[in-house]
Amino acid sequence: MRLDRFLSNTGLLSRKEAAKAGKDGRITVNGEIVRRVDGHINEHTDVVCLDGEQIGYHQFDYVWLNKPTGYVSATEDGRLPCVTELLPPPLDKRGLFPCGRLDRDTVGLVLLTNDGQLSHTLLSPKKHVQKEYRFTCEPPLPVGAEEKFSAGMTIDGDERCKPALLVCDEGRAGGVITLTEGKYHQIKRMVEACGSRVITLERISFAGIPLDPALARGEIRAATEEEIERLRHATD
Ligand code: URA
């Protein structure tokens, strides 16, 4: 890989800044100062340092966001703030995007990554990756709604949903719903099909990984190696 590309991929420097850092003698490869950054390096074996600090190479990033309300699950909107605006530097320059969509008023767990292949697999309805949501609704759900969910209901006339799990709280004005797909406004529409309306909605787990209780709304943290492995095997 070209050295300037390697440096810009880290998000630490743009290509232009990398060229300048090279000219200024701030970059070494295997201990030798390298002033021209258009040469090639082996990103897996060469030791690249910027200002004496070694730069580790990793191809992809995986981070968890506890999404607050008011943000759209996109990388660009033109009108409304996007979840990627919550990424701190240098992550904001590494091409991360949300893996799946939560509505603007939905809160909770979102995976942001630049690993297109894994994201695609995790979102495929064929892979049955589970997503759990805590909700409240008004009025309470009627008795029998659980069976409607588990049978796979039809919403808006002709849209067929896969079987889903509904566990109601006492009083039936909320509970937890588990889906293995992600249709537009799916939970809101399923709850409506049962004669109620969603008031609040929070994603509490993704692919079996729960929302970290230590992650405050609006906060980001890197996924652990163990969590990344779980994501990779979630579709086995
Ligand atoms: N279902 C919805 O209706 N909204 C979401 O944000 C997620 C699932």
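Both ligands and their constituent atoms are indexed starting at 1 by order of listing. For clarity, every value in this text was computed on a predicted model and none was experimentally measured. Computation of the quantities below employed the complete heavy-atom set of this structure, encompassing side-chain atoms and omitting hydrogens, waters and symmetry-equivalent molecules.
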Hey, are Glu43 and Arg2 close enough for a salt bridge, meaning a charged N less than 4.0 Å from a carboxylate O?
no

Taking only heavy atoms of the protein into account, state which residues are under 4.0 angstrom from an atom of ligand 1, in chain and number order.
Leu102, Asp103, Thr106, Tyr133, His185, Gln186, Ile187, Lys188, Leu201

Please list all pairs passing the side-chain hydrogen bond (donor to acceptor under 3.5 Å, both in side chains) test where one or both residues lie in residues 182-191, with sequence neighbours left out.
Asp103-His185, Asp103-Lys188, Asp105-Lys188, Asp156-Arg189, Glu159-Arg189, Glu181-Gln186

Do the rings of Tyr57 and Phe6 sit parallel, tilted or perpendicular, given the 30° and 60° boundaries?
parallel

Under the rule for salt bridge (charged side-chain N to carboxylate O under 4.0 Å, His left out), what residues qualify as partners of Glu85, not counting sequence neighbours?
none

Ignoring hydrogens and geometry, is there a side-chain-to-backbone donor-acceptor pair from Glu229 to Glu226 under 3.5 Å?
no

Contacts under 3.5 angstrom, residues 118-131 side chains, donor-acceptor by atom type, not counting sequence neighbours:
residue: Thr121; atom: OG1; partner: Gln117; partner atom: O; Å: 2.8
residue: Ser124; atom: OG; partner: Lys126; partner atom: N; Å: 3.2
residue: His128; atom: NE2; partner: Lys126; partner atom: O; Å: 3.2

